[in-house]
Amino acid sequence: MKTYTLLGLILIAVGIMAFAYQGITYTTREKVVDLGPMHMTAERTRTLPLTPIVGAIALVGGIVLLVTGSKKG
């Protein structure tokens, strides 16, 4: 598979995901207390917001790469 085509498909998938989920949520563990043998951790949920503009740019960029890759081959 050509590089432009593969990169275009990846960008289209990222653009669709950005429209569908509006952000990426992940969980981290942080040490809250560390006193000798006693350790306490807390799980914190964080969200990396993705605006619809990012999704649109990725989607359009992916389509352009697909068209460009098909014309070169």
Side-chain angles (χ1 to χ4, degrees):
M1 187 176 272
K2 298 177 186 173
T3 305
Y4 284 131
T5 306
L6 183 62
L7 190 57
L9 290 174
I10 291 171
L11 280 176
I12 289 172
V14 168
I16 291 171
M17 295 284 279
F19 278 126
Y21 292 110
Q22 300 287 319
I24 300 169
T25 303
Y26 60 96
T27 304
T28 60
R29 288 189 179 191
E30 299 176 357
K31 283 188 179 180
V32 179
V33 176
D34 189 10
L35 296 172
M38 180 192 279
H39 301 282
M40 294 180 71
T41 60
E43 290 187 359
R44 303 205 186 226
T45 303
R46 301 183 189 268
T47 302
L48 177 66
L50 294 174
T51 61
I53 294 171
V54 172
I57 290 172
L59 195 60
V60 169
I63 292 170
V64 167
L65 282 175
L66 274 179
V67 170
T68 303
S70 66
K71 285 184 179 179
K72 283 191 173 189

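Keep in mind that what you see is a predicted model, and the values were worked out from it rather than measured. Worth knowing before you read on, the calculation uses all heavy atoms, side chains too, and leaves out hydrogens, waters and symmetry mates.
- Interatomic distance, Leu11 CG to Leu7 CG, rounded to the nearest 0.5 Å: 5.0 Å.
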Atom pairs and distances, donor-acceptor, side-chain atoms in residues 15-26, under 3.5 Å, two or more places apart:
| unit_1 | atom_1 | unit_2 | atom_2 | d |
| --- | --- | --- | --- | --- |
| Gln22 | NE2 | Phe19 | O | 3.1 |

Name every donor-acceptor pair, under 3.5 Å, that has one atom in a side chain of residues 41-66 and the other anywhere in the protein, sequence neighbours excluded.
| unit_1 | atom_1 | unit_2 | atom_2 | d |
| --- | --- | --- | --- | --- |
| Glu43 | OE2 | Arg29 | NE | 3.3 |
| Glu43 | OE2 | Arg29 | NH2 | 3.0 |
| Arg44 | NE | Glu30 | OE1 | 3.0 |
| Arg46 | NH2 | Glu30 | OE2 | 2.6 |

